[in-house]
Structures are given as structure tokens and as C-alpha cells.
Amino acid sequence: MRCVEVHPNDQEMTVDEFKAWLRRYDSNRDGHISQDELKEALHGLRTWFPWWKARQVMKEADSNHDGVINSPKEMEKLVHFAQQRLHLKIHDW
């Protein structure tokens with residue numbers, strides 16, 4: 001396995017590369033993405049209002065309302081949000 005430095009604003013990426021990039025913001029290394037960690041990731045993208053966008057993602061993706069993205073289904077919803085609302089070029093290939 002090779003390590004790839006990916007920044008979503010710079011290029012197209014696969015879903016796995018997006019997840020790997022997002023894991024860099026998992027500050028407590030619990031394997032889940034919290035709203036604060038997501039806010040930091042969005043801040044890293046230099047998006048406007050990262051706190052608000054993180055809240056919107058959690059509203060859409062956090063199916064069980066436990067405050068973290070922690071299941072494959074929730075991660076799928078997060079990827080979809082990033083593709084549609086953040087206009088990131090994330091592909092399944």
C-alpha cells in the first residue's frame with residue numbers, strides 16, 4: 001500500500017482517497033468523525049462557514065444522531081454531501 005497526499009480541492013479522487021484524507025482529521029483516533037473533526041476538515045478546505053456546513057452534514061449523514069459519522073451508511077451519506085454540496089470531485093473508480 002502506498003501513502004498518497006490528497007487535498008480534495010486540488011484534484012479528483014476516489015472514495016477511498018477521500019476517506020483517507022478525512023481520517024487525518026480524526027483527532028482522537030477513534031475511527032469516527034465528529035462534528036468538530038468535520039469542521040476542522042472543512043476549515044482545511046478553506047470553505048466558507050465550516051461550522052455551519054459541518055452541522056448540515058451531521059443533520060443529513062448522522063442517521064442515529066449520536067454525534068459522529070461511524071457507519072458505512074453514514075460515510076456514504078457524507079461522501080454524497082461532499083460531492084453534491086461541496087462540489088468535490090469524488091469518484092468510485
Side-chain angles (χ1 to χ4, degrees):
M1 184 174 153
R2 65 187 175 101
C3 183
V4 178
E5 180 70 25
V6 175
H7 191 277
N9 280 345
D10 294 339
Q11 62 190 18
E12 294 183 15
M13 72 183 87
T14 67
V15 171
D16 289 338
E17 289 171 334
F18 175 75
K19 290 177 184 177
W21 171 81
L22 195 56
R23 277 193 297 272
R24 294 185 343 193
Y25 293 93
D26 182 10
S27 59
N28 59 0
R29 305 284 185 237
D30 64 355
H32 311 306
I33 299 296
S34 70
Q35 185 171 330
D36 284 339
E37 291 166 338
L38 190 55
K39 181 180 73 173
E40 288 303 313
L42 293 170
H43 182 74
L45 292 176
R46 297 181 190 99
T47 62
W48 289 62
F49 308 108
W51 57 270
W52 183 82
K53 289 180 181 175
R55 191 177 70 182
Q56 294 304 111
V57 170
M58 295 306 277
K59 280 183 179 180
E60 282 194 31
D62 184 16
S63 303
N64 60 3
H65 308 291
D66 64 353
V68 293
I69 303 299
N70 59 357
S71 73
K73 186 66 174 171
E74 290 177 343
M75 182 56 75
E76 185 178 311
K77 289 179 180 182
L78 172 56
V79 169
H80 181 73
F81 185 94
Q83 291 168 320
Q84 298 300 312
R85 304 260 181 90
L86 301 176
H87 309 291
L88 298 180
K89 299 173 188 165
I90 304 169
H91 303 283
D92 292 328
W93 29 265

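Just so you know, residue 1 is the first one in the sequence shown, and it goes up from there.
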How would you list, by chain and number, every residue that makes a side chain to side chain donor-acceptor pair (under 3.5 Å) with D30, sequence neighbours excluded?
-> N28

Would you please name every residue forming a side chain to side chain donor-acceptor pair (under 3.5 Å) with K77, sequence neighbours left out?
-> S63

Once you round to the nearest 0.5 Å, how far does CG of L42 lie from CD of Q35?
-> 10.0 Å

For Y25 against G44, the heavy-atom pair lying closest together | OH-CA, 4.1 Å

Locate the shortest heavy-atom distance separating E74 from I69; write the atom from each residue and the value.
-> OE1-CA, 3.5 Å

Nearest-0.5 Å distance, NZ of residue K39 to CH2 of residue W51 | 10.0 Å

Atom pair CG/NZ of L38 and K53 - distance to nearest 0.5 Å | 11.5 Å

Interatomic spacing from CG in L22 to CD1 in I33 - rounded to 0.5 Å = 4.0 Å

Sequence neighbours left out, what passes side chain to side chain donor-acceptor pair (under 3.5 Å) with R85? Give chain and number order.
-> E60

Determine the sole option in E17, Q83, E12 for which the side-chain hydrogen bond (donor to acceptor under 3.5 Å, both in side chains) test with H91 is passed.
-> E12

Interatomic distance, CH2@W21 vs CD1@I90, rounded to 0.5 Å, equals 8.5 Å

What is the distance from atom CG of D36 to atom NE2 of H43, rounded to the nearest 0.5 Å?
-> 13.0 Å

Can you find a heavy atom in the side chain of D62 that is under 4.5 Å from one in the side chain of V68?
-> no

